[in-house]
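This report refers to the structure that appears directly beneath it.
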There are 2 protein chains.
Amino acid sequence: MVIRSAIEGSSRMRVLVVEDEVRLASYLKRGLEAEGYAVDIAATGTDGLWMATEQTYDAMLLDIMLPGMNGYKVCEELRQKGNWVPILMLTAKDGEYDEAEALDTGADDFLSKPFSFVVLLARLRALLRRGSAERPPVLATGDLTLDPSSRVVARGGVQIDLTPREYALLEFLMRHPGEVLPKRDIIEHVWDWEFEGDPNIVEVYVGYLRKKIDVPFGCDLLKTVRGAGYRLDPSNG
Amino acid sequence: MVIRSAIEGSSRMRVLVVEDEVRLASYLKRGLEAEGYAVDIAATGTDGLWMATEQTYDAMLLDIMLPGMNGYKVCEELRQKGNWVPILMLTAKDGEYDEAEALDTGADDFLSKPFSFVVLLARLRALLRRGSAERPPVLATGDLTLDPSSRVVARGGVQIDLTPREYALLEFLMRHPGEVLPKRDIIEHVWDWEFEGDPNIVEVYVGYLRKKIDVPFGCDLLKTVRGAGYRLDPSNG
DNA sequence: CGTGAACCTGAGAGAACGCTGAGAATCTCT
DNA sequence: AGAGATTCTCAGCGTTCTCTCAGGTTCACG
């Protein structure tokens with residue numbers, strides 16, 4: 001069975017997600033589609049293998065632990081058939097399955113759970129970029145710039161040091177400039193997909209970010225929209 | 001089998017509402033149809049599951065507490081069958097049912113009762129928009145503009161700050177320009193659908209809005225239609 | 001012109017919301 | 001192991017928002 005949520009005529013990147021855990025699958029589908037990818041889901045290894053051979057995808061997210069046929073096997077068989085679609089493997093943290101083994105079987109990259117969505121996107125972009133020899137564009141909002149490839153953030157030429165979490169938050173905001181982003185969405189993207197802590201964490205990190213990107217420059221790029229979320233506002237340089 | 005969640009400009013979006021409480025179901029049907037959606041109703045979980053598999057919907061509103069088969073189960077079975085129609089779950093506030101669990105079973109989003117219709121519409125639009133990578137259009141009435149994605153309201157280029165409630169009210173009015181909207185309808189859409197307070201609340205908030213969007217500009221966009229309701233009048237710039 | 005219904009508005013209580021500093025827990029690197 | 005960086009939790013605080021209420025104003029109509 002093939003399930004496609006496709007928009008005909010558009011040239012969106014197509015991604016196949018092979019994941020049996022419904023919640024994670026649904027989360028990945030939601031998040032990736034919001035980023036403009038066309039996403040198909042397969043719940044078992046055999047389904048995934050079949051879909052990957054029947055259709056053409058730009059990339060594949062492949063869980064290792066799958067019912068029926070595990071991720072290694074799927075990867076191996078695909079490569080044997082001469083299918084070299086870029087594969088990003090999702091490995092559990094507990095070490096039962098090995099990351100080296102993932103690469104052995106022909107995976108291009110791996111990501112260990114739990115991961116934040118922003119990190120997943122970064123890896124996926126890197127995979128898709130490969131072969132096209134394109135460097136990711138530098139993000140800019142006002143005089144604030146962020147270079148995803150070097151992870152350098154600067155404001156008006158002055159480089160700014162950020163911690164990983166601060167960086168992930170800023171990258172997410174800068175990829176949606178001018179948009180109001182609810183705390184809920186921010187948590188889903190910047191923290192683990194199943195983070196269940198206090199949304200206050202967002203307020204805290206917004207505070208940290210402001211201290212580094214706004215306060216020293218005496219302005220107010222990162223706005224609070226009370227009752228709705230936060231917004232990176234290009235208008236106020 | 002190919003299932004497509006297509007965005008078709010020409011035909012109306014089809015929404016399946018699975019809700020046993022007759023009054024709420026009827027309210028949702030009326031409200032959504034007024035917004036241009038084609039709405040089907042299922043009163044039990046089994047009915048809902050059957051309709052969702054037989055027909056193709058663009059989205060699904062799914063109550064959790066249902067006779068026969070609860071919302072979690074419906075969602076789970078649909079996902080198992082490979083049906084990834086966007087699902088917005090309606091959860092009761094009392095915490096007996098968990099929001100995390102809703103996402104566990106593969107729901108795309110959830111909304112806890114009581115909710116305002118404007119919020120429901122916003123979430124529904126977000127679900128439908130997903131995958132089309134389109135930003136919602138800016139609403140405009142005369143020289144008054146409202147951008148749902150940035151939540152920015154402006155009049156003749158001058159930005160206007162609104163509280164969440166004021167914003168919801170204005171958005172509702174601006175989605176029905178030139179129409180006379182009875183207080184009752186406004187309460188149903190902008191407040192809870194079973195709000196039972198004083199209708200005076202509408203007068204109060206209309207007053208707040210006027211102070212921000214009309215008074216400073218010396219005109220009268222937001223009209224009172226005595227005995228009938230309120231109207232946002234594009235003619236009077 | 002008087003009357004009642006509908007509408008407007010200012011004041012204020014209580015709740016919700018967001019910000020912040022302190023400090024605990026965890027991670028990283030030497 | 002130890003130092004420092006980073007992440008996260010928590011409680012307190014001030015602000016903002018929501019909603020109610022009571023009294024005032026406007027309007028339609030007899």
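Atoms considered below: every heavy atom in the structure, side chains included; atoms not considered: hydrogens, waters and symmetry mates. Below, chains carry the letters A, B, ... as their sequence lines are ordered, and counting in each starts from 1.
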Next on the checklist: Generate the contact string for nucleotides 5-10 of chain D. Rules: B means base contact, S means sugar-phosphate contact only, - means no protein heavy atom under 4.0 Å.
Outcome noted: -SBBBB

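- Side-chain N/O atoms of B:K211 include one lying less than 4.0 angstrom from OP1 or OP2 on C:dG10.
- Defined by atom type and a distance below 3.5 Å, a donor-acceptor pair is missing between the side-chain atoms of B:R175 and B:T141.
- A salt bridge is defined here as a Lys NZ or Arg NE, NH1 or NH2 lying under 4.0 Å from an Asp or Glu carboxylate O, and B:D108 with B:R79 meets this definition.
- The closest side-chain donor-acceptor pair between B:H176 and B:E35 falls under 3.5 angstrom.
- Judged by the 6.0 Å distance and 45° axis criteria, B:R210 is not positioned over the aromatic ring of B:F217.
- Put simply, CG on B:L209 is 12 Å from P on C:dC8, counting in whole angstrom units.
- Rounded to an integer number of Å, the gap from A:R184 CZ to C:dC17 C1' is 17 Å.
- When the P atom of C:dA6 is taken as reference, atom CZ of B:R226 falls 8 Å away, rounded to whole Å.
- Considering only side-chain N and O atoms, A:K183 lies under 4.0 angstrom from the phosphate OP1 or OP2 of C:dG18.
- Distances shown here put a side-chain N or O of B:R210 below 4.0 Å from the OP1 or OP2 atom of C:dC8.
- The shortest non-hydrogen separation linking B:C75 to B:G106 is SG-C, 3.6 Å.
- If you measure from atom CG of B:D214 to atom P of C:dT9, you get 11 Å, rounded to the nearest angstrom.
- Rounding to whole angstrom units, CD of residue A:E203 and P of D:dG14 are separated by 17 Å.
- Of the charged side-chain nitrogens involved, none lies within less than 4.0 Å of a carboxylate oxygen, so that A:K212 and A:D161 do not count as a salt-bridged pair.
- Distances shown here put every side-chain N or O of A:K223 at or beyond 4.0 Å from the OP1 or OP2 atom of C:dG18.
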